[in-house]
Protein chains: 2
Amino acid sequence: MEYMTTAPTSAAAPGPAGTDEPRWLSAEEQRVWRSYIEASTLLEDHLDRQLQRDAGMPHLYYSLLVKLAEAPERRLRMTELAMLAKITRSRLSHAVARLEKSGWVRRENCPSDKRGQFAVLTDEGFEVLRRNAPGHVEAVRQAFLDRLTPEQQKALGEIMEIVAEGLQPSEAGADLPWLR
Amino acid sequence: MEYMTTAPTSAAAPGPAGTDEPRWLSAEEQRVWRSYIEASTLLEDHLDRQLQRDAGMPHLYYSLLVKLAEAPERRLRMTELAMLAKITRSRLSHAVARLEKSGWVRRENCPSDKRGQFAVLTDEGFEVLRRNAPGHVEAVRQAFLDRLTPEQQKALGEIMEIVAEGLQPSEAGADLPWLR
DNA sequence: GCTTTTTACTTGAAACCTCAACCTCTAGCT
DNA sequence: AGCTAGAGGTTGAGGTTTCAAGTAAAAAGC
């Protein structure tokens with residue numbers, strides 16, 4: 001049905017043929033995968049629109065500002081920010097360039113490593129966050145959290161943690177020199 | 001912690017102040033929301049890369065081909081395809097233009113409605129699908145399904161269905177004239 | 001029948017993302 | 001010290017997405 005996760009033709013019988021037949025998805029597996037993709041598409045779109053309309057930036061950019069706001073001194077090394085946000089350095093570079101143009105972030109050189117750059121949240125950036133946080137939480141609640149029971153929330157959290165774990169660039173994790 | 005779903009400053013006490021204080025997320029709610037965003041970001045990226053590398057197109061485009069492959073006659077009206085894929089018509093228009101350029105889809109006029117267009121999967125398009133389906137299922141399994149227990153899969157399916165339901169453009173649903 | 005409103009779809013520009021190539025600096029050799 | 005491999009970050013080109021605006025045909029009003 002979905003995502004060509006079942007045999008392209010309706011040929012292949014379940015039993016493994018001589019050639020090692022791919023492990024196509026069962027009907028239930030497909031249902032799960034399909035709902036996941038649909039919901040995540042819709043949700044991302046929804047929040048992007050909410051924030052674009054209210055705060056003038058896409059969801060990812062907003063989340064970058066948030067991470068800066070939470071960091072000590074409201075500043076983070078580019079690479080660390082990229083890792084926290086789960087995006088590539090390149091994407092972050094472009095994003096910060098835009099946020100800088102909007103006046104919400106400023107770059108600063110790292111004194112201890114001349115290659116390094118800090119992304120620093122400006123006061124203006126913080127203001128944007130303060131103004132939009134209430135609306136955004138409300139959006140997240142009404143589209144997502146408030147629709148789930150506490151048990152469902154708990155289950156989902158565990159599930160997504162497992163998935164994330166499997167996809168991290170292995171990240172031995174401990175070694176982030178900048179964190180003292 | 002995440003997504004400015006908690007008070008911007010560490011001010012606000014839990015009790016509702018005189019002005020109706022936003023319902024900030026609790027620690028557990030934040031954990032859930034954060035893992036969801038992280039995992040979904042990583043997963044989307046992962047599959048986009050897998051398909052871009054192997055099939056020469058992003059995940060969404062692949063899924064469009066799949067939906068066409070599953071449709072009767074391997075053809076679908078633009079609007080219906082857009083609804084199935086949960087994307088805007090505009091996005092679909094651009095996407096189909098590209099897929100057409102690659103030779104995987106062809107457009108055809110709808111005889112009964114001169115405004116209408118069909119997107120039709122070409123044989124070439126079907127071939128691409130056949131070649132790449134096994135690799136893609138495997139990717140979906142190893143990044144996602146195979147990491148979850150059957151109970152987790154079931155729970156996730158239910159959860160995502162709830163979320164999706166809340167975000168659909170209400171879609172009374174029954175009325176799709178083209179479906180006879 | 002004729003106007004008005006909707007529906008179906010496309011378009012172009014601007015924003016965004018990806019990928020590979022690049023530069024600079026650090027750290028680890030020797 | 002000098003050399004090299006790798007880390008930190010940016011860049012530009014090309015592909016993708018969004019948003020607002022546009023065309024054309026169908027449906028609904030009158």
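Values reported hereafter were calculated over all heavy atoms of this structure, with side chains retained and with hydrogens, waters and symmetry mates removed. So that the names make sense, note that chain A is the first sequence line, chain B the second, and so on, each numbered from 1.
Between Asp146(B) and Arg23(A) there is a salt bridge, since at least one side-chain N of the basic residue sits less than 4.0 Å from a carboxylate O of the acidic one. Here Lys154(B) does not pair with Glu151(B) in a salt bridge; the nearest charged N to carboxylate O distance is not below 4.0 Å. One finds no salt bridge joining Arg31(A) and Glu28(A) here, because no Lys/Arg side-chain nitrogen approaches an Asp/Glu carboxylate oxygen to under 4.0 Å.
Residues His94(B) and Gly116(B) both approach DNA chain C. Their nearest nucleotides, taken by heavy-atom distance, put Gly116(B) toward the 5′ side. For Arg115(A) and Ala97(A), each mapped to the nucleotide of DNA chain D holding its nearest heavy atom, the one lying further toward the 5' end belongs to Arg115(A).
Within the 4.0 angstrom heavy-atom criterion, only backbone atoms of the sugar-phosphate kind lie near Tyr61(B); the bases stay farther away.
Across dG9(D), dT18(D), dT18(C), the shortest atom-to-atom separation from the side chain of Ser93(A) is found for dG9(D). Comparing dC19(C), dA25(D), dC19(D) by their closest approach to the side chain of Asp113(B) singles out dA25(D). Checking dC9(C), dT18(C), dG9(D) against the side-chain heavy atoms of Thr79(A) singles out dG9(D) as nearest.
The side chain of Gln117(B) places an N or O atom within less than 4.0 Å of a non-bridging phosphate oxygen (OP1 or OP2) of dT10(C). Dashed line: the shortest gap from a side-chain N or O of Arg98(A) to OP1 or OP2 of dC17(C) is not under 4.0 Å. Look at Arg91(A) and you'll find a side-chain N or O under 4.0 angstrom from OP1 or OP2 of dC17(C). OP1 or OP2 of dG9(D) has not a single side-chain nitrogen or oxygen of Arg107(A) nearer than 4.0 Å. Proximity of Gln52(B) to the phosphate of dC19(C): no side-chain N or O atom is located under 4.0 Å from OP1 or OP2.
Between Phe144(A) and Tyr36(B), the two ring planes are tilted [angle within 30° to 60°].
Between the NZ atom of Lys114(A) and the C1' atom of dC23(C) there is a distance of 16 Å, rounded to whole Å. Rounded to a whole Å, the CZ atom of Arg89(B) is 16 Å from the P atom of dA20(D). Regarding Met78(B), its CE atom lies at a distance of 17 Å from the P atom of dA25(D), rounded to whole Å. Between the CG atom of Leu81(A) and the P atom of dT10(D) there is a distance of 11 Å, rounded to whole Å. Rounded to an integer number of Å, the gap from CD of Glu44(B) to P of dC16(C) is 18 Å. Atom NZ of Lys101(A) is separated from atom P of dT11(D) by 11 Å (rounded to the nearest Å). The distance between atom CD of Glu100(A) and atom P of dG9(D), rounded to the nearest whole Å, is 14 Å. Remark: C1' of dG15(D) and CZ of Arg49(B) are 15 Å apart, rounded to the nearest angstrom.
Below the 3.5 angstrom threshold, one finds a donor paired with an acceptor across the side chain of Ser90(B) and the base of dC19(D).
For the residue pair Arg98(A) / Ser102(A), a side-chain donor-acceptor distance below 3.5 Å is found, with atom types taken as modelled.
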